[in-house]
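Right, one structure below, let's go through it.
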There are 2 protein chains.
Amino acid sequence: MSTALALLTPADSAACCSPLSAQPLTTEQAEQVAPLMKALADPVRLRLMSLIASHDGGEACVCDLNDAFDLSQPTISHHLKVLHEAGLVDRDKRGVWVYYRARQQALAAIGALIGCTPI
Amino acid sequence: MSTALALLTPADSAACCSPLSAQPLTTEQAEQVAPLMKALADPVRLRLMSLIASHDGGEACVCDLNDAFDLSQPTISHHLKVLHEAGLVDRDKRGVWVYYRARQQALAAIGALIGCTPI
DNA sequence: ACGAGACATTGACGGCTGTCAATATAGAGG
DNA sequence: CCTCTATATTGACAGCCGTCAATGTCTCGT
């Protein structure tokens, strides 16, 4: 959800490089951001995220994603659920197909914390 | 180690925003970066990293770090080991004290992948 | 040499994670 | 309705993770 994002966007909008190196994170901040990173800290989910984000229209259908891996369909479905529950992707069911869309703000939130995002 | 970094720095130096959204990660790239993110995807280690990175001189002694948490000394030592083995911090023993230093390149590598780092 | 302080390692424990096979659900088309 | 296709859920299993208490290792004073 956007609760994690709210913690990052307000004050650090102006500052440029790595809040992580600028001042220590509060316990609260760390506990909000860690789940986002944890959701992304898996090879399969990293590839899923990049496949979704770089796909035409910024969204991808599960059927496309399944083919990119040597994993069972339920496993991919599980990883997508993890990404979704972390607030990293949106779910959109259209007919028989389900489309996942990358939430750029969530990615930006992590990027802003770790590295540096020009907001 | 810098093996993970090497995969990211070469081509994407020029491009600005989120390689993750620009083109899909290869399996190899994902498997190299995921461990770095996994090492950082913990509230305690996130705070440790930020405490180290934002400390005077870019380094911090374990004794300082211990006091910032309500955790046992071995637990902090364990987390520092995880960060160190992931290549996120350097270890420097000086006398009785051990100093940990943030490896900016490693942070930048993750940041460049997820968000956007002006290199 | 000895004691004390700073940090690491070991061993143990409950809890979480990634994976699959099997099964369920839910639209679309006939 | 019935079946097919697309996706999700459940249940099970091995393996990893975060934590602590106990112990080990190193280094500086004395």
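Residue numbers begin at 1 in each chain, while the letters A, B, ... track the order of the sequences.
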Checklist line | Nearest-angstrom distance from the residue atom CD1 of A:Ile76 to P of C:dG18 | finding: 12 Å
Margin query: Rounding to an integer number of Å, can you tell me how far A:Leu46 CG sits from C:dG18 P?
Written below: 12 Å
Check: Contact class for B:Leu71 vs. all strands (heavy atom < 4.0 Å): base, sugar-phosphate, or nothing?
Finding: sugar-phosphate
Next item on the list: For B:Tyr99 and C:dA8, give me the distance from atom OH to atom P, rounded to whole Å.
Entry: 13 Å
Item checked: B:Arg47 side-chain N/O to B:Ala68 backbone N/O, donor-acceptor pair under 3.5 Å -> yes
Item checked: Nucleotide nearest A:His79 when distance is taken to its side chain, options C:dG18, D:dC28, C:dT17 -> C:dG18
Next item on the list: Using a 4.0 Å heavy-atom cut-off across all strands, classify B:Tyr100 as base, sugar-phosphate, or nothing.
Entry: sugar-phosphate
Note to self: Counting only side-chain nitrogens and oxygens, does A:Ser77 get under 4.0 Å of the OP1 or OP2 atom of D:dA8?
What the structure shows: yes
Next item on the list: Classify the nucleic acid contact of A:Asn66 as base, sugar-phosphate or nothing, counting any heavy atom under 4.0 Å across all strands shown.
Entry: nothing
Check: For the pair made of CG in B:Leu48 and P in D:dT19, what is the distance, rounded to whole Å?
Finding: 10 Å
Notebook entry, point to check: Are any of the side-chain heavy atoms of A:Tyr100 and A:Arg91 separated by less than 4.5 Å?
Noted result: yes
Item checked: Between D:dA6 (P) and A:Asp64 (CG): distance, integer Å -> 11 Å
Checklist line | Shared hydrophobic cluster for A:Leu88 and A:Tyr99 (ILVMFWY, side-chain gaps under 4.5 Å) | finding: no
Check: Do A:Ile52 and A:Val82 sit in the same hydrophobic cluster, where Ile, Leu, Val, Met, Phe, Trp and Tyr count as joined when their side-chain heavy atoms come under 4.5 Å apart?
Finding: no
Next item on the list: Under the salt bridge (Lys or Arg N to Asp or Glu O under 4.0 Å) rule, collect the residues that match up with B:Asp92, sequence neighbours excluded.
Entry: B:Arg94
Next item on the list: Specify the residue among A:Val44 and B:Cys61 whose closest nucleotide of DNA chain C lies further upstream toward the 5′ end.
Entry: B:Cys61
Notebook entry, point to check: Which nucleotide in the list C:dT17, D:dA22, C:dC7 gets nearest to the side chain of A:Lys38?
Noted result: C:dT17
Note to self: With a 4.0 Å cutoff (strictly under), does any side-chain N or O of B:Thr75 reach OP1 or OP2 of D:dC20?
What the structure shows: yes
Check: Nearest-Å distance, CD (B:Gln73) to P (C:dA8)?
Finding: 7 Å
Check: Among C:dT9, C:dG18, D:dT7, which is the nearest nucleotide to the side chain of B:Pro74?
Finding: C:dT9
Notebook entry, point to check: Below 4.0 angstrom from OP1 or OP2 of C:dC7, is there any side-chain N or O of B:Arg91?
Noted result: no
Notebook entry, point to check: With a 4.0 Å cut-off on heavy atoms, is B:His78 in touch with a base, just the backbone sugar-phosphate, or nothing at all?
Noted result: base
Next item on the list: Take the protein atom NZ of B:Lys81 and the nucleotide atom C1' of C:dC7, then report the distance between them rounded to whole Å.
Entry: 12 Å
Check: Across the strands shown, which category fits A:Arg94 at heavy-atom distances under 4.0 angstrom: base, sugar-phosphate, nothing?
Finding: nothing
Next item on the list: Compare the minimum distances between each of C:dT19, D:dC28, C:dA8 and the side chain of B:Val96, then state the nucleotide with the smallest one.
Entry: D:dC28
Check: Quick one: A:Phe69 CZ to C:dG18 P, roughly how many Å, whole number?
Finding: 13 Å
Check: Checking B:Ser77 side chain against B:Gln73 main chain: does a donor-acceptor pair fall under 3.5 Å?
Finding: no
Notebook entry, point to check: Can a side chain N or O of A:Ser72 be found less than 4.0 Å away from OP1 or OP2 on C:dT19?
Noted result: no
